[in-house]
There are 2 protein chains.
Amino acid sequence: MSNLKFSRQRETIKEYLANTKEHPTADMIYMSIRETNPNISLGTVYRNLNLLVDQGEIIKISHGTGSDRFDGNPKPHYHFVCTACSCVQDIELAPGALDHINLIASANFNGEIKGHSTFFYGHCANCKR
Amino acid sequence: MSNLKFSRQRETIKEYLANTKEHPTADMIYMSIRETNPNISLGTVYRNLNLLVDQGEIIKISHGTGSDRFDGNPKPHYHFVCTACSCVQDIELAPGALDHINLIASANFNGEIKGHSTFFYGHCANCKR
DNA sequence: TTACCTGCAAACCATTTGCAGATCC
DNA sequence: GGATCTGCAAATGGTTTGCAGGTAA
């Protein structure tokens with residue numbers, strides 16, 4: 001409803017997310033931006049992250065353990081979480097590659113399944129040996 | 001390491017979870033048990049829930065939004081979360097029915113995928129219309 | 001007797017929010 | 001000028017923890 005105004009802080013956050021593959025937490029973003037913009041506050045980082053999520057410009061990743069992480073790529077895609085180092089990585093899948101599991105799950109279910117949320121676990125390339 | 005002693009509180013919690021399909025939060029469990037056991041504390045509920053999870057006797061369900069929920073059925077199975085009423089329900093699937101998605105995800109991934117965590121979303125039987 | 005367990009309350013952590021002033025349009 | 005934004009700091013909500021006393025084996 002309300003129209004967004006330009007905000008240097010929000011631009012900085014968006015730009016930071018566009019240039020990292022780290023899937024950082026709000027605090028990681030805060031720490032990093034503070035190096036060039038020492039006055040920014042953590043509250044502002046959270047407020048803008050939520051705004052950007054609402055606008056569909058970024059994605060919030062809530063995988064059970066630890067703080068939420070954020071992804072500058074708003075296209076739906078899957079994520080991998082390393083059980084050793086806790087890093088989060090993108091998983092490249094053809095669009096819709098897992099859509100069929102909604103049907104599998106629907107087979108014996110009474111309600112209406114509209115989607116799913118999946119995280120893959122294991123050891124990342126650095127942690128496997 | 002340490003051996004568990006009998007505890008009336010822990011038994012009560014286990015029994016409560018064994019007899020509900022609600023997938024309650026720690027607080028729901030606390031509120032309910034307090035009706036017959038007014039002295040129990042929320043800290044004790046949390047401590048025992050974590051112990052039971054460590055023992056593999058119950059499961060903790062951490063789906064992004066809201067408090068964690070607990071399931072008295074320790075066998076791995078899938079869950080559905082209603083986007084309307086927030087209820088959590090079991091999804092009955094043949095064991096291993098979705099194991100193949102690990103292979104799909106592994107195809108273009110560098111690390112070693114050992115498992116996945118999936119929640120289904122939609123409207124439950126009560127909320128669809 | 002001695003682990004382990006409890007209630008209580010305070011601590012913790014991630015996130016949100018109220019406020020008074022600054023900024024964009 | 002007025003709505004939207006900011007920094008700050010306090011509040012919130014869920015969960016954990018330290019402590020001193022209680023209980024099972």
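From a predicted model like this one, the values you see are computed outputs, not experimental measurements. Numbered from 1 within each chain, the chains take letters A, B, ... in sequence-line order.
Not a single donor-acceptor pair under 3.5 Å links the side chain of Asn37(B) to the backbone N or O of Ile33(B). Judged purely by atom type and a 3.5 angstrom limit, His63(A) has no side-chain atom pairing as donor or acceptor with the backbone of Ile61(A). At least one donor-acceptor pair closer than 3.5 Å links the side chain of Thr83(B) to the backbone N or O of Gly122(B). In this structure a side-chain-to-backbone donor-acceptor pair under 3.5 Å is missing from Ser32(A) to Met28(A). Checking side-chain atoms of Arg10(B) against main-chain N and O of Lys5(B) turns up a donor-acceptor pair under 3.5 Å.
Computed from coordinates, the Leu49(B) CG to dT17(D) C1' distance equals 16 Å when rounded to whole Å. For the pair Asp54(B) CG and dC5(C) P, the interatomic distance rounds to 12 Å; values are reported in whole Å. When rounded to the nearest whole Å, the span between CZ of Arg47(B) and P of dG14(D) equals 19 Å. Nucleotide dC24(C) holds its P atom 13 Å from the CG atom of Asn48(A), rounded to whole Å. Atoms CG (Asn3(B)) and P (dT2(C)) sit 18 Å apart, rounded to a whole Å. Taking atom CG of Asp68(A) as the reference point, atom P of dG14(D) lies 15 Å away to the nearest angstrom.
For Tyr78(B), the ring-ring contact (aromatic ring centres under 6.0 Å, His included) test picks out His116(B), with sequence neighbours left out.
Closest approach to the Lys5(A) side chain among dG7(C), dT4(D), dT15(D) is made by dT4(D) (side chain taken as heavy atoms from C-beta onward). Taking every side-chain heavy atom of Leu4(A) into account, dC5(D) is the closest of dC5(D), dA14(C), dC19(D).
For the helix from dT1(C)-dA25(D) to dC25(C)-dG1(D), the terminal axes (five pairs an end, C1' atoms, rotation from four pairs onto the next four) enclose an angle of 30°, given to 10 degrees.
Salt bridge status for Glu11(B) with Lys14(B): present, with a side-chain N to carboxylate O gap under 4.0 Å.
When every heavy atom of Pro74(B) is checked against every heavy atom of Gly56(B), the shortest pair comes out as CB-O, 3.3 Å.
Contacts between residues 7-45 of chain B and DNA chain D, counted as heavy-atom distances below 4.0 Å, involve Leu42(B), Gly43(B).
Checking Ser67(A) against Thr25(A) by side-chain atom types alone, no donor-acceptor pair falls below 3.5 Å.
Across the interface with DNA chain D, nearest-nucleotide mapping of Phe6(A) and Asn50(B) shows Phe6(A) to be the residue nearer the 5′ end.
Tyr46(A) comes within contact range of at least one nucleobase, with a heavy-atom separation under 4.0 Å.
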